[in-house]
Amino acid sequence: MSKKVAVVMGSDSDLDTMRPCIQRLNAFGISAQVRIISAHRTPAAAEALAAHAAENGFGVIIAAAGKAAHLAGVLAAYTTLPVIGVPIKTSMMGGLDSLLSMVQMPKGIPVACVAVDGADNAAILAAQMLALSDGALADKLTRFKADMAAEVAKKDEKIRMEEF
Ligand code: RP5
């Protein structure tokens, strides 16, 4: 049975940014459980999710949060599963605050971190992690990359016909 991905966000205000992540996981046929859990507002729920994630069939945790974005790090503290952080764009620093809060983890508790608002990439990276032990998913990722390359080649061909 394929492993699931937990998509955790600090607030429902993160949901619109995270929709591409959920959609991409669905497109790869990966079962995602979406939760709203805050490192600060509901820390006990964060611990419970992460501490039992492996035994509950999850293979990767994706954590999206903004501002003092400790969610990914807190979840990583309670599990040996890989945790991918998605720093959410903020009004004050454009998400640099979220990015640094996630990526500057002390040694021993790593968090893989994608770009600010990089929801889609978080899903692709999670799929790549699960694909290490799932050949069918690895094939889907190979096709995904080939399709992307074909799309770029098509655009290249088109632009070469234009006069500038
Ligand atoms: C973080 O604070 C959330 O992840 C969100 O990005 C940010 C703002 O949350 P709300 O005040 O909109 O609930 O915890």
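Nothing here was measured: the structure is a model prediction, and the numbers come from that model. We count residues from 1, following the sequence as given. Every number for a ligand or one of its atoms is a count from 1 in the order of the listing.
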Legend entry - Salt bridge Arg160-Asp156, side-chain N to carboxylate O under 4.0 Å: yes
Inset, instruction - Please check if the side chain of Thr142 supplies one atom and the backbone of Ala138 the other of a donor-acceptor pair under 3.5 Å. - result: yes
Inset, instruction - Select all protein residues for which some heavy-atom-to-ligand 1 distance is less than 4.0 Å, and list them by chain and number. - result: Gly10, Ser11, Ser13, Asp14, Arg41, Ala65, Gly66
Legend entry - Student check: side-chain heavy atoms of Arg24 and Ile124 closer than 4.5 Å: yes
Legend entry - Thr90: partners by side chain to side chain donor-acceptor pair (under 3.5 Å), with sequence neighbours left out: Asp97
Inset, instruction - Please tell me if the side chains of Leu81 and Phe58 come closer than 4.5 Å, counting only heavy atoms from C-beta onward. - result: yes
Legend entry - Any side-chain heavy-atom pair of Met148 and Glu151 under 4.5 Å: no
